[in-house]
Amino acid sequence: ITVFVPCDAAALSMGADDVATAIASEAKKRKANVRIVRNGSRGMLYLEPLVEVETPKGRVAYGPVAAKDVVSLFDAGFLEGKSHKLGHGLTEEIPYFKNQERLTFARCGITDPFSLEDYRKYGGYDGLAKALAMKPIDIINEVTTSGLRGRGGAGFPTGIKWKTVHDLASNQKYVACNADEGDSGTFADRMLMEGDPFCLIEGMTIAAVAGGATKGYIYVRSEYPHSVHNLRKAIEIAREANWLGDNIQGSGYSFDLFVRMGAGAYICGEETSMLESIEGKRGLVRYKPPIPAIEGLFGKPTIINNVMSFAAVPIILAKGGEFYKNYGVGRSRGTLAFQLAGNIKRGGLVEKAFGVTTRQLIEDWGGGTHSGRPARAVQVGGPLGAYLPESKFDVPMDYEEFVKIDAMVGHGGLVVFDDTVDMAQQARFAMEFCAIESCGKCTPCRIGSTRGVEVIDKIIADIDREKNVALLEDLCVTMTDGSLCALGGLTPLPVRSALHEFPDDFHKPAPNKF
Ligand code: SF4
């Protein structure tokens, strides 16, 4: 009997290792023939550790399971999928899971992350196998047809980026994956790297073949030790099976991949700063032009995408660009892995086509707030995203629709707040975050964010209110127009949205001083 206990960091933090140990020892005691597979997460983080049992009808889910529950699970007959107070029936029938459109995460939580056999069984390497028999330009055309845009936040068309690198002649080209997932409330990259690392490896290899690159780097944040471990192990396995290395599967294409760990700076998630860091330098933002596609890593043409963009590529190649394009709305094609966090009852990952609304995500999947109070605001797209009031919860998730309301979809993270939130403090937090994380290269961001915190404090304390509100608006314009990168350039989004949408909150005294 096969029992699945996730090895994903979210499950581990909730005691998954203890649960696996308890199941193994109880099975031994009862002389039950149990094989424990450490899988990735299914993304229902509110149920972690989610233990699944393979039955003739499919996998049956139990969660959240603690080590102390294991004896009662055995007593209830969970090895035959029988009912228990922690039981949820068939995993794939749980509405949270069933109502998703899983393309990128199709395998996550189903396979053993280190089993190539599992990976192949569920369609893994079908995309690369096809790509190896195609001309690089045809691979790029397929990606362009799919409508895939950068999932890291900027939404730049992936096909155009790849074609720029493809068209350049160079003795060395690179592929670099941005896995510095630093946005608050986001964990999709981590879940994929831990639960289905071959998917990222395959996507990057396809990019390398398309662009003519022979070396790749995955830049992972230091807070993700399990991702680093799983990727390194999976890379070794892929090398041994000749899915990486020289003359991949006899195709004539060669590509090798290395993992680099960051040191905890938010700014290293900015692509040029990341390149500096991979090169062993301090993470400072570079001036553009030249764009990294032309002069990137070590001054060579480089394809840079984030984890979600690369991980979408295998299924695009396997099933075709048209298949992928059929999901989504407007110019936002395909699916996005939305991540529900903050004050939410059912936190987790929801992969859904673009077009779903914030309200559907918060209510239908999230089940409302954890506190049970009304949701008052949601920050979409990380710490640089706008705070949306409840009146905007019905705007569809679509890059262009969000720009129209001065917001951004970003990396798909949603941080929910109930009606006890103080939005003036949230505005202050956004400025303070920028002040702390600024790389210091340009004045509007370095000085502006510090002055911004001071001005917000004055507004909250009702000191020269009108004058200081005008000053804050002016400062936001300067930061937007004059900052070199998105950190300084986008910080005004959350600040202004809080100020405009929740003006009443800006009258209370600030508890702390910056
Ligand atoms: Fe550095 Fe901020 Fe300027 Fe970006 S906007 S380059 S983080 S100082």
Side-chain angles (χ1 to χ4, degrees), residues 150 152-156 161 176 178-186 219-223 260 262-297 299 302 304-306 379 381-387 403 406-408 410-411 413 426-456 471-499 514:
F156 188 79
K161 199 185 268 189
N178 189 343
D180 192 74
E181 188 176 41
D183 284 351
S184 41
T186 58
Y219 186 83
V220 189
R221 68 196 307 236
S222 58
E223 292 90 336
R260 290 287 179 270
Y266 180 77
I267 198 58
C268 287
E270 193 282 335
E271 60 178 7
T272 62
S273 195
M274 178 191 78
L275 293 177
E276 291 284 297
S277 186
I278 296 176
E279 290 180 9
K281 300 175 203 152
R282 184 179 151 198
L284 274 178
V285 175
R286 292 180 186 171
Y287 293 107
K288 285 193 253 185
I291 56 168
I294 295 172
E295 268 181 50
L297 194 60
T302 306
I304 306 176
N305 282 118
N306 97 320
Q379 188 173 32
L384 309 178
Y387 294 107
V403 168
D406 291 328
M408 63 169 184
H411 186 46
Q426 289 305 125
R428 186 184 189 281
F429 169 74
M431 261 313 178
E432 189 184 22
F433 181 85
C434 182
I436 293 168
E437 297 292 347
S438 170
C439 85
K441 188 157 181 165
C442 61
T443 314
C445 167
R446 184 184 71 245
I447 309 282
S449 54
T450 298
R451 295 287 91 86
V453 176
E454 294 164 0
V455 174
I456 294 173
L471 196 58
L472 182 61
E473 295 278 9
D474 194 38
L475 177 62
C476 283
V477 172
T478 305
M479 287 176 73
T480 305
D481 294 347
S483 296
L484 184 57
C485 84
L487 180 51
L490 293 179
T491 291
L493 274 188
V495 173
R496 292 170 101 177
S497 61
L499 189 63
F514 178 61

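Every number for a ligand or one of its atoms is a count from 1 in the order of the listing. Atoms considered below: every heavy atom in the structure, side chains included; atoms not considered: hydrogens, waters and symmetry mates. Counting begins at 1 with the first residue of the sequence. Since the model is a prediction, treat every value here as computed from it, not as a measurement.
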Which atoms of ligand 1 are found less than 4.0 Å from any heavy atom of [X]?
X	value
Gly488	5 (S)
Gly440	1 (Fe), 8 (S)
Ser438	2 (Fe), 8 (S)
Ser483	5 (S)

Glu295 and Lys288 ion-paired at < 4.0 Å: no
Charged N-O contact under 4.0 Å between Lys441 and Glu276: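 Salt bridge absent between Lys441 and Glu276.
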Protein heavy atom at shortest distance from atom 2 (Fe) of ligand 1: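 Nearest protein contact, heavy atoms only, for atom 2 (Fe) of ligand 1 is Cys445 SG, 2.3 Å.
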Closest protein heavy atom (residue, atom, distance) for atom 4 (Fe) of ligand 1: Cys485 SG, 2.3 Å
Cys439 near atom 3 (Fe) of ligand 1: N/O/S under 2.8 Å: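 Coordinating: no.
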Val495 side chain near Cys476 side chain, heavy-atom distance below 4.5 Å: yes
Modelled atom types, side-chain donor and acceptor of Ser273 and Glu271, under 3.5 Å: no
Metal site atom 2 (Fe) of ligand 1: N/O/S of Cys442 inside 2.8 Å: no
Approximate separation, where rounding is to 0.5 Å, of Leu297 CG and Thr272 OG1: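 These two atoms lie 12.0 Å from each other.
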Check: Asp180 main-chain N/O paired with Arg221 side-chain donor or acceptor under 3.5 Å: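 It does not hold such a pair.
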Main-chain N/O of Asp183 paired with Thr186 side-chain donor or acceptor, under 3.5 Å: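 Side chain of Thr186 to backbone of Asp183: a pair is present.
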Part of Leu284 within contact of ligand 1 (heavy atoms, under 4.0 Å): neither
